[in-house]
Protein chains: 2
Amino acid sequence: MKILLVEDDLALSDVVSFTLRRAGFEVIPAYDGAAAIAAWEASQPALVVLDLNLPKQDGFTVCRHIRSQSQTPIIILSVRSGDDVIVRALELGADDYIVKPFSPAQLVARIRAVLRRAGASAASGVLERGGWTLDPARHEVRWVGGEPVHLTGLETRLLEALMLNAGAVLTADALIQAVWGVEGGSRTMLKQLVYRLRAKLEAAGGGEIIETVPGVGYAFPA
Amino acid sequence: MKILLVEDDLALSDVVSFTLRRAGFEVIPAYDGAAAIAAWEASQPALVVLDLNLPKQDGFTVCRHIRSQSQTPIIILSVRSGDDVIVRALELGADDYIVKPFSPAQLVARIRAVLRRAGASAASGVLERGGWTLDPARHEVRWVGGEPVHLTGLETRLLEALMLNAGAVLTADALIQAVWGVEGGSRTMLKQLVYRLRAKLEAAGGGEIIETVPGVGYAFPA
DNA sequence: CAAACTTGTTACCAAACTGTTACCACTTGA
DNA sequence: TCAAGTGGTAACAGTTTGGTAACAAGTTTG
């Protein structure tokens with residue numbers, strides 16, 4: 001199981017690497033933010049251990065980038081123990097936050113806990129909700145018994161966000177962020193995208209698909 | 001979303017309860033290990049916040065018991081910050097371990113992180129009071145057995161404030177602040193809003209809904 | 001290269017939302 | 001009894017929101 005370890009302090013990185021390897025993980029080290037993103041894309045690790053204080057790009061940026069593209073579990077390491085920082089990191093999608101100094105044993109235990117939890121809900125990436133099957137890797141949706149329909153990249157990300165949270169209402173802003181990332185996107189574009197996606201889904205079979213919750217956002221029926 | 005809070009320190013339990021409720025969770029308190037297990041079985045919470053140091057049965061026992069029967073996420077609270085204790089708790093199946101003293105905000109953030117990872121959608125915030133069910137996220141109210149009625153954003157906030165304090169009288173100023181924030185809002189607008197909200201609620205089923213307390217404000221019947 | 005597709009942009013319309021003003025009934029207290 | 005204040009109702013207009021359409025620039029594909 002591959003773990004991406006993003007830590008610029010060489011000595012600490014080595015110690016942690018050693019511990020993780022002894023615990024049976026394969027460790028991919030990265031020493032700054034830019035390298036971290038590159039390594040993440042290249043190696044597709046099962047989990048990321050991320051120092052907040054990094055050269056090139058700080059940990060928040062890396063965290064946001066990874067979260068905008070996948071559900072890979074992220075554990076933050078940091079000397080900063082301020083509440084606002086911790087809350088912000090967790091809200092950004094981090095799974096755990098460990099304050100330095102920490103013990104290697106605890107890190108391993110927390111990694112196992114997060115992986116256990118992630119493994120339970122993670123899957124191949126294929127989502128099945130109420131008759132629809134979405135394969136994000138292939139950019140395809142299918143209605144039960146129907147033919148697969150091709151989606152564009154943006155449409156796929158939108159539908160994935162909605163199906164991942166089936167039954168819940170996602171605000172326009174949340175969806176914009178899920179589709180276009182932190183920068184970019186707008187209400188207008190979201191409107192367009194929903195319109196286009198609905199057209200494809202309706203053409204593919206099922207009836208009412210994406211619910212509008214006026215003044216709030218959209219929801220995929222549970 | 002129901003959270004079982006197992007904490008024998010009454011004062012702390014109350015503080016945490018308050019915070020969690022304000023964050024939109026429904027809190028079920030338990031004050032010792034035996035009660036915790038009973039409450040867990042009875043109420044099937046979405047997550048358990050568990051103090052380690054308990055009368056009757058200690059936290060480890062409770063944790064093991066719950067883990068042996070379900071995947072319900074568990075977050076441990078404890079004054080003990082020893083590594084061995086933390087590692088042991090995590091290996092026993094806990095999802096997170098928070099060392100006292102902690103801040104309520106961080107607890108909420110960690111609860112959300114664990115719930116997110118566990119696949120549950122975040123706190124729903126649904127309020128049920130005397131036959132009415134309000135889902136603030138969807139801007140919908142429903143009378144028992146009836147169809148959901150759509151509310152506007154302002155109406156939702158008003159009804160939410162009233163239902164959160166069901167049985168109590170809220171002054172006009174308090175309501176204005178709850179709906180429009182610190183700036184903005186006026187008696188006239190509140191009058192209008194109450195009128196419109198009542199119209200929708202009456203059309204939806206139930207009889208007398210929002211009580212007027214002349215010269216003071218409004219109340220939602222307990 | 002040309003055709004097809006993807007994406008962002010602008011525009012328009014209908015519906016919904018919100019603030020404002022006005023009017024009436026009722027209570028309260030001088 | 002009358003004036004002032006409070007609360008309910010009504011109508012109206014400006015704004016916002018959501019769905020639809022058409023189009024252009026950029027990209028991919030045959």
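The sequence lines fix the lettering, A, B, ..., with proteins before strands; numbering per chain opens at 1.
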Distance check: side-chain N/O of B:His150 vs OP1/OP2 of C:dA16, anything under 4.0 Å?
no

Whole angstrom is fine here: how far is it from CE in A:Met189 over to P in D:dG19?
17 Å

Taking only the side-chain nitrogens and oxygens of A:Ser186, find out if one of them lies under 4.0 Å from OP1 or OP2 of C:dG8.
no

Going by an N to O cut-off under 4.0 Å, is there a salt bridge joining B:Asp95 and A:Arg110?
no

Residue whose nearest DNA chain C nucleotide is more 5′ - B:Leu193 or B:Thr188:
B:Leu193

Quickly work out the B:Leu151 CG to C:dT18 C1' distance and round it to whole Å.
15 Å

Please check if the side chain of A:Arg21 supplies one atom and the backbone of A:Val27 the other of a donor-acceptor pair under 3.5 Å.
yes

Check this for me: does any side-chain nitrogen of one of A:Lys200 and A:Glu155 sit under 4.0 Å from a carboxylate oxygen of the other?
yes

Between CG of A:Leu154 and P of D:dG26 the distance, given in whole Å, is 17 Å

Within the pair A:Thr152 and C:dT7, is there a side-chain N or O less than 4.0 Å away from OP1 or OP2?
yes

Can you check the B:Glu155 CD to C:dC17 P distance for me, whole Å?
7 Å

Test salt bridge (charged side-chain N to carboxylate O under 4.0 Å, His left out) on A:Glu128 and A:Arg142 and set out the steps.
CA-CA 10 Å; A:Glu128 303 193 33; A:Arg142 199 163 45 75; over 6 Å; no

Within this structure, what is the CG-to-C1' distance between A:Leu197 and D:dT20, rounded to whole angstrom?
16 Å

Please walk me through it: do A:Asp173 and A:Arg187 pass salt bridge (charged side-chain N to carboxylate O under 4.0 Å, His left out)?
CA-CA 8 Å; A:Asp173 288 331; A:Arg187 305 297 168 105; 3.1 Å; yes

What integer distance in Å separates B:His139:NE2 from C:dC17:P?
10 Å

NZ/NE/NH1/NH2 to OD/OE distance under 4.0 Å, A:Glu211 and B:Arg138:
yes

Inspect the contact between A:Lys100 and A:Glu7 and indicate whether a charged nitrogen and a carboxylate oxygen are less than 4.0 angstrom apart.
yes

Any A:Trp180 side-chain nitrogen or oxygen under 4.0 Å from OP1 or OP2 of C:dT7:
no

Among C:dT18, C:dC17, C:dT20, the one nearest B:Lys200 by side-chain distance
C:dC17

Under 3.5 Å, N/O pairs linking protein and nucleotides 2-8 of chain D:
| residue | atom | partner | partner atom | Å |
| --- | --- | --- | --- | --- |
| D:dG7 | OP1 | B:Gly215 | N | 3.0 |
| D:dG8 | OP1 | B:Arg198 | NH1 | 2.9 |
| D:dG8 | OP1 | B:Thr212 | OG1 | 2.7 |
| D:dG8 | OP2 | B:Tyr218 | OH | 2.9 |
| D:dG8 | O6 | B:Lys191 | NZ | 2.9 |

When rounded to whole Å, the CG to C1' distance for the pair B:Leu190 and C:dT20 reads 15 Å

In whole angstroms, how far is the P atom of D:dA21 from the CZ atom of A:Arg196?
12 Å

